[in-house]
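None of the values given here were measured: they were computed from a predicted structure.
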Amino acid sequence: MLPWVFCGMISIRRYIQADLEALYTICLATGDHGRDASTIYEDPELIGHIYAGPYGVLQPDLAFVAQDGDGVVGYALGVTDTPAWDDLLERAWWPALRARYSDPSAVPETDRTADQRLAAMIHHPQPAPMAVTRPFPAHLHIDLLPRGQGKGVGTALFDAWARLAMERGAQCAHIGANPYNDRAVRFWGKLGFSELALDSAEASRTVWMGRAL
């Protein structure tokens with residue numbers, strides 16, 4: 001374990017398996033463009049199965065959490081090789097979830113529930129464009145509960161994650177942000193991430209940003 005890093009009353013430490021439930025809780029609590037999504041999804045674990053759980057299970061040695069006196073308030077999760085990660089998900093993560101959640105392909109996209117939209121992502125994951133992963137192969141996610149925001153905790157989480165990722169050979173990283181999550185786009189911009197220009201064939205509803213570590 002690395003030494004703890006302190007941000008006021010909040011500590012940054014390496015992730016342990018006992019933190020997995022907290023990853024799911026925080027993912028749901030920030031899943032609506034940074035706001036609480038608990039009223040949006042019928043299955044409270046579904047969003048975490050996509051954006052948090054696989055990192056805690058399949059890549060726990062490159063994960064950090066922020067903790068205060070009341071528990072875990074945030075996390076930094078990621079991998080150094082995104083294409084290899086997508087292959088690993090296809091082998092070791094999506095199959096069990098596809099057996100658990102029905103493929104909503106027969107339902108028109110405009111008629112799908114919020115849960116069905118996430119289930120579609122499980123059955124038909126959309127990898128980041130090669131124009132993003134080729135120059136910026138690593139990627140990460142950082143999420144913080146409101147009580148951990150505005151205190152420099154996100155920056156401390158990124159610094160801890162980037163330092164370890166570089167020790168493992170990562171040189172450049174990307175993130176994908178929802179364009180409606182202005183706070184997240186500003187946060188990543190302050191950390192030195194720049195929006196990546198994609199051609200029309202690779203453009204999407206995600207704001208892709210990258211930087212050298």
Side-chain angles (χ1 to χ4, degrees), residues 1 10-79 82 85-86 88-104 112-128 139-149 151 153-154 156-158 160-161 164-165 175-178 180-181 183-184 187-188 206:
M1 297 288 285
I10 298 178
S11 306
I12 310 299
R13 62 170 174 80
R14 296 284 290 272
Y15 168 87
I16 59 175
Q17 287 296 338
D19 299 321
L20 183 61
E21 183 178 351
L23 300 190
Y24 276 84
T25 298
I26 294 168
C27 190
L28 180 64
T30 59
D32 180 19
H33 305 155
R35 299 181 295 272
D36 184 13
S38 60
T39 61
I40 296 177
Y41 301 107
E42 292 185 12
D43 185 332
E45 294 186 333
L46 192 46
I47 191 170
H49 288 328
I50 297 172
Y51 295 111
Y55 299 90
V57 175
L58 301 178
Q59 189 69 80
D61 57 340
L62 193 53
F64 290 85
V65 297
Q67 182 173 333
D68 65 9
D70 294 322
V72 176
V73 299
Y75 55 69
L77 312 169
V79 300
T82 297
W85 173 248
D86 291 337
L88 178 60
L89 292 177
E90 198 60 42
R91 297 193 311 271
W93 189 254
W94 299 134
L97 292 173
R98 288 169 182 162
R100 178 175 173 182
Y101 297 99
S102 299
D103 185 347
R112 292 175 188 172
T113 66
D115 285 45
Q116 287 175 326
R117 288 194 292 272
L118 291 182
M121 296 174 66
I122 290 171
H123 284 271
H124 309 282
Q126 297 295 316
H139 79 263
L140 73 154
H141 301 277
I142 293 178
D143 283 309
L144 285 167
L145 294 176
R147 73 177 192 269
Q149 297 173 5
K151 303 174 182 178
V153 178
L157 280 167
F158 172 74
W161 184 90
L164 184 57
I175 64 92
N178 189 302
Y180 296 105
N181 191 341
R183 184 185 182 110
F187 167 75
W188 291 110
T206 300

Start with the C-alpha distance between Gln126 and Thr206, add both sets of side-chain angles, then the distance that settles side chain to side chain contact (heavy atoms under 4.5 Å, CB included), and finish with yes or no.
CA-CA 11 Å; Gln126 297 295 316; Thr206 300; over 6 Å; no

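- In this structure, Asp103 and His124 have side chains that are in contact, with non-hydrogen atoms separated by less than 4.5 Å.
- The two residues Arg147 and Ile10 come nearest to each other via the heavy atoms O-CD1, 4.3 Å.
- At least one donor-acceptor pair closer than 3.5 Å links the side chain of Trp93 to the backbone N or O of His49.
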Atom pairs and distances, side-chain donor-acceptor, residues 56-66, under 3.5 Å, sequence neighbours left out:
unit_1	atom_1	unit_2	atom_2	d
Gln59	NE2	Asp61	OD1	2.6
Asp61	OD2	Arg168	NH1	2.9

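- Under a cut-off of 6.0 angstrom, the local environment of CD in Gln17 is crowded, with over 12 non-hydrogen atoms contributed by other residues, nucleotides or ligands.
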Could you go through Leu140 and Tyr55, starting from their C-alpha distance and side-chain angles, then the distance that decides it, and tell me whether this counts as side chain to side chain contact (heavy atoms under 4.5 Å, CB included)?
CA-CA 10 Å; Leu140 73 154; Tyr55 299 90; over 6 Å; no

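- The ring of Trp161 has its center no closer than 6.0 angstrom to the ring center of Tyr15.
- Side-chain contact between Tyr101 and Leu118 is absent, with no heavy atoms from C-beta onward closer than 4.5 Å.
- Closest non-hydrogen pair, Val73 versus Gly148, comes out as CG2-CA, 4.4 Å.
- Pro54 and Gly48 get closest at one heavy-atom pair: CD-O, 3.8 Å.
- The line from OG1 of Thr39 to CG of Asp32 is 7.5 Å long, rounded to the nearest 0.5 Å.
- Formation of a donor-acceptor pair under 3.5 Å by the Asp115 side chain with backbone atoms of Asp43 is found in this model.
- Side-chain N/O atoms of Ser38 and Asp36 include a donor and acceptor closer than 3.5 Å.
- Counting only distance, with no hydrogens or angles, the side chain of Asp143 and the backbone of Ile26 share no donor-acceptor pair below 3.5 Å.
- Here the CG-OH distance, from Leu28 to Tyr41, works out to 8.5 Å after rounding to the nearest 0.5 Å.
- Across every non-hydrogen atom of Pro125 and Ile122, the tightest pair is CD-O, 3.6 Å.
- Contact of the Arg14 side chain with the Leu164 side chain is registered, since non-hydrogen atoms from C-beta on lie closer than 4.5 Å.
- Using a 4.0 Å cut-off between charged nitrogen and carboxylate oxygen, Asp19 and Arg13 count as a salt-bridge pair.
- Considering all non-hydrogen atoms of both residues, Asn181 and Gly34 come closest at ND2-N, 3.4 Å.
- Distance OG1/Thr25 to CG/Leu20: 9.5 Å, rounded to 0.5 Å.
- Atoms CG and CH2, on Leu88 and Trp94 in that order, are 11.0 Å from each other to the nearest 0.5 Å.
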Evaluation steps, side chain to side chain contact (heavy atoms under 4.5 Å, CB included), between Thr30 and Leu144
CA-CA 7 Å; Thr30 59; Leu144 285 167; over 6 Å; no

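- Side-chain contact, Tyr51 with His141: no donor N or O sits under 3.5 Å from an acceptor N or O.
- Separation of atoms CZ (Arg98) and NE2 (His123) is listed at 7.0 Å; rounding is to 0.5 Å.
- With rounding to the nearest 0.5 Å, the separation of CD in Gln116 from OG in Ser102 is 9.0 Å.
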